[in-house]
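Here's the structure we're looking at; comments come further down.
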Amino acid sequence: MLTSWIAARGLENSARSVLAKVQNKRGYLEEGLEQAERPLKYSAYQEGFYFWYRNYLLLYKSKPEGQGWNKQEEVSVTCLGRSPHILKDLLKECQDEYLSRFENKTTIYGHSGANWEKEKVKDVRPLSTVLLREAEKAPLIKDMSDFLQPETREWYSQRSIPYRRGYLFHGPPGTGKSSFSLSVAGELKMDIYVLSIPSVNDLSLKTLFNGLPDRCVVLLEDIDAVGSALSRELVAGGSKESSDEGQGVTLSGLLNVLDGVGSQESRVVIMTTNRKGDLDYALTRPGRVDLEVEFQLADREITTQIYRYMVKQPSNVSSGMEAAVDDRQSIDKQAIDFACKIPEGKFSPAQIMSYLTQHRDMPSAALDNVEAWMADVREKNEKTSATQAVISR
Ligand SMILES: Nc1ncnc2c1ncn2[C@@H]1O[C@H](COP(=O)(O)OP(=O)(O)OP(=O)(O)O)[C@@H](O)[C@H]1O
């Protein structure tokens, strides 16, 4: 915060030695920044310099701390005189400036082993851009917003009920489960911590949960992977095979973190799976999962919405009210014609969107080529299923 504030004003230029930094691979990227565009950042190196802030002369100092990967920088600001109010004002300004950079942004954290890493800061994805039936979307949003009201928190606390809410999003790949979770985090103004269950074990899961902030959305992806760890427990002769050092998360390991002390905070836990049938009831029982939402392959209503969403004209393109209405009518008609050509429950929204993206310059061609595209997708699916059948034999 402080170094960003200093750098934004070029104050480090008055230092006699300056350190140039570039975001490394472990650093996060703001949306839209490519690897090669990562800016160089400068900061004062191992020494101090004076600067003026609201008529006070302050001294900024930085010194490196730690070694190897743990190398960090300790920075300090000192003022002359006894009253620290000017330092408080400065830090408040630094904090406000820093936080304003994240307004209308969602910060996404991923993990490497047992450590959280900031991966991306993205513009909030509006809920309206995830196309679901309103009947499924509206109750979920209401449930989440109600949960986060201060009165609700108080209600939980007065009754000594743990303050947490769990959701299960299930359905085939490419139906919007992760995208919707991201939008929800944006809507609730929370950061999202994405944890892929197949890539952790009990110990790293516990460490990661302990490292979560009080207020956040936790996205547990592919929780059906716990099922295979459960089988390993059983194969191990009924006794709980510790997965602390092994691979995979056991059911008891996951239940422990979900029910643990840390789960008393304002935490929204979203679990996703493509295989709901494989889940143990202990994981999905009320209290751990409060609301289930099924994400489905596209039906006519969703396909129509997708077509409209992908093809709709930017508002500044229309040449007049009448033309805009005409456009809308023809897009609506095309959307219905397109949806009539796609059988319901066979293609995911992700597949249809990818197809329409190829035709973004000439949407009407999407209608002409749709049969050939569907045949192509079917052929690829059959080949994949045949390969999987051979592998599983
Ligand atoms: N219902 C939807 N509305 C809008 N976009 C969607 C929808 N479903 C999928 N997409 C788009 O398809 C891509 C993949 O979607 P997403 O990762 O959210 O699917 P998923 O259900 O989480 O898949 P998986 O089970 O494989 O993790 C994203 O780019 C997303 O924008």
Side-chain angles (χ1 to χ4, degrees), residues 31-32 106 108-111 119-120 122-141 144 166-188 192-200 217-228 268-279 284 289 291-312 335 338-339 342 344-360 363 366 373 377 380-381 384-385 388:
E31 194 170 36
T106 309
I108 304 167
Y109 290 82
H111 60 97
E119 283 189 344
K120 263 189 185 160
K122 292 186 106 177
D123 289 336
V124 166
R125 179 175 177 160
L127 285 164
S128 58
T129 66
V130 185
L131 308 168
L132 295 178
R133 277 175 223 88
E134 209 44 40
E136 282 151 358
K137 203 188 237 185
L140 177 62
I141 300 301
M144 285 183 169
Y167 300 93
L168 177 67
F169 293 175
H170 61 96
T175 48
K177 300 182 291 297
S178 310
S179 309
F180 194 61
S181 307
L182 195 64
S183 293
V184 160
E187 178 81 2
L188 301 176
I192 184 163
Y193 288 72
V194 183
L195 205 158
S196 161
I197 291 293
S199 65
V200 287
V217 173
V218 191
L219 176 61
L220 300 178
E221 293 208 293
D222 299 324
I223 44 155
D224 44 274
V226 166
S228 48
V268 171
V269 177
I270 302 176
M271 304 189 235
T272 70
T273 179
N274 300 329
R275 302 191 315 191
K276 189 188 161 216
D278 289 358
L279 301 183
T284 58
V289 168
L291 200 66
E292 291 185 11
V293 182
E294 185 179 3
F295 286 67
Q296 294 169 3
L297 293 173
D299 62 7
R300 207 143 288 168
E301 182 191 330
I302 294 290
T303 308
T304 312
Q305 277 192 48
I306 293 176
Y307 189 93
R308 274 203 216 106
Y309 174 70
M310 300 291 283
V311 171
K312 74 180 170 202
F338 180 74
I342 301 216
E344 294 192 302
K346 297 285 178 209
F347 296 92
S348 67
Q351 284 174 311
I352 298 172
M353 286 177 140
S354 159
Y355 170 69
L356 288 174
T357 306
Q358 291 165 29
H359 292 83
R360 63 188 175 280
W373 168 72
V377 173
K380 281 188 187 135
N381 286 349
T384 315
S385 319
Q388 278 168 351

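Remember, it's 1-based here, ligands and their atoms both numbered in the order they're listed. Since this is a predicted model, take the numbers as computed values, not measurements.
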Identify the heavy atoms of Pro172 and Thr175 that sit nearest to each other, and give their distance.
-> O-OG1, 2.7 Å
Considering Gly171, Ser128, Ser179, which one's heavy-atom position lies nearest to atom 28 (C) of ligand 1?
-> Ser179
Is Glu294 salt-bridged to Lys276, going by a charged N under 4.0 Å from an acidic O?
-> no
What heavy-atom pair brings Leu291 and Pro139 nearest, and what distance separates the two atoms?
-> CD2-O, 4.5 Å
Which residue and non-hydrogen atom of the protein lie closest to atom 2 (C) of ligand 1, and at what distance in Å?
-> Leu131 N, 3.6 Å
Around atom 11 (C) of ligand 1, find the nearest protein heavy atom and jot down its residue, atom name and distance.
-> Met353 SD, 3.8 Å
In this structure, OG1 of Thr273 is separated from CD1 of Ile197 (nearest 0.5 Å) by 11.0 Å
Those atoms of ligand 1 less than 4.0 Å from some heavy atom in Thr129 | 3 (N), 4 (C)
Which atoms of ligand 1 have any heavy atom of Asn274 under 4.0 Å away?
-> 25 (O)
Starting from atom 23 (O) of ligand 1, find the nearest protein heavy-atom neighbour and note its residue, name and distance.
-> Gly174 N, 2.9 Å
CD1 of Ile192 to NZ of Lys122: how many Å apart, nearest 0.5 Å?
-> 10.5 Å
Around atom 12 (O) of ligand 1, find the nearest protein heavy atom and jot down its residue, atom name and distance.
-> Ala350 CB, 3.2 Å
Which heavy-atom pair separates Ile302 from Asp299 by the least distance, and what is that distance?
-> N-OD1, 2.9 Å
Note: His111 and Ser199 closest approach over all heavy atoms is CE1-OG, 3.3 Å
Tell me, which protein residue and heavy-atom name are nearest atom 19 (O) of ligand 1, and how many Å apart are they?
-> Gly176 N, 3.3 Å
Can you tell me how far CZ of Phe347 sits from CD1 of Ile306, rounded to the nearest 0.5 angstrom?
-> 12.0 Å
Close approach of Arg125 to ligand 1, heavy atoms, under 4.0 angstrom = yes
For Pro173, the atoms of ligand 1 under 4.0 Å from one of its heavy atoms are 23 (O), 24 (P), 25 (O), 26 (O)
Measure the distances from the heavy atoms of Ile302 to every atom of ligand 1 and state whether one is below 4.0 angstrom.
-> no
Residue and atom name of the nearest protein heavy atom (relative to atom 21 (O) of ligand 1), distance in Å to one decimal | Lys177 NZ, 2.8 Å
Could you check atom 27 (O) of ligand 1 against the protein and tell me its nearest heavy-atom contact, residue, atom and distance included?
-> Ser178 OG, 3.7 Å
Residue, atom and distance of the protein heavy atom nearest atom 7 (C) of ligand 1 read Pro349 CB, 3.6 Å
Please lay out, stage by stage, how Thr272 and Phe295 fare under the test side-chain contact (heavy atoms from CB on, under 4.5 Å).
-> CA-CA 10 Å; Thr272 70; Phe295 286 67; over 6 Å; no
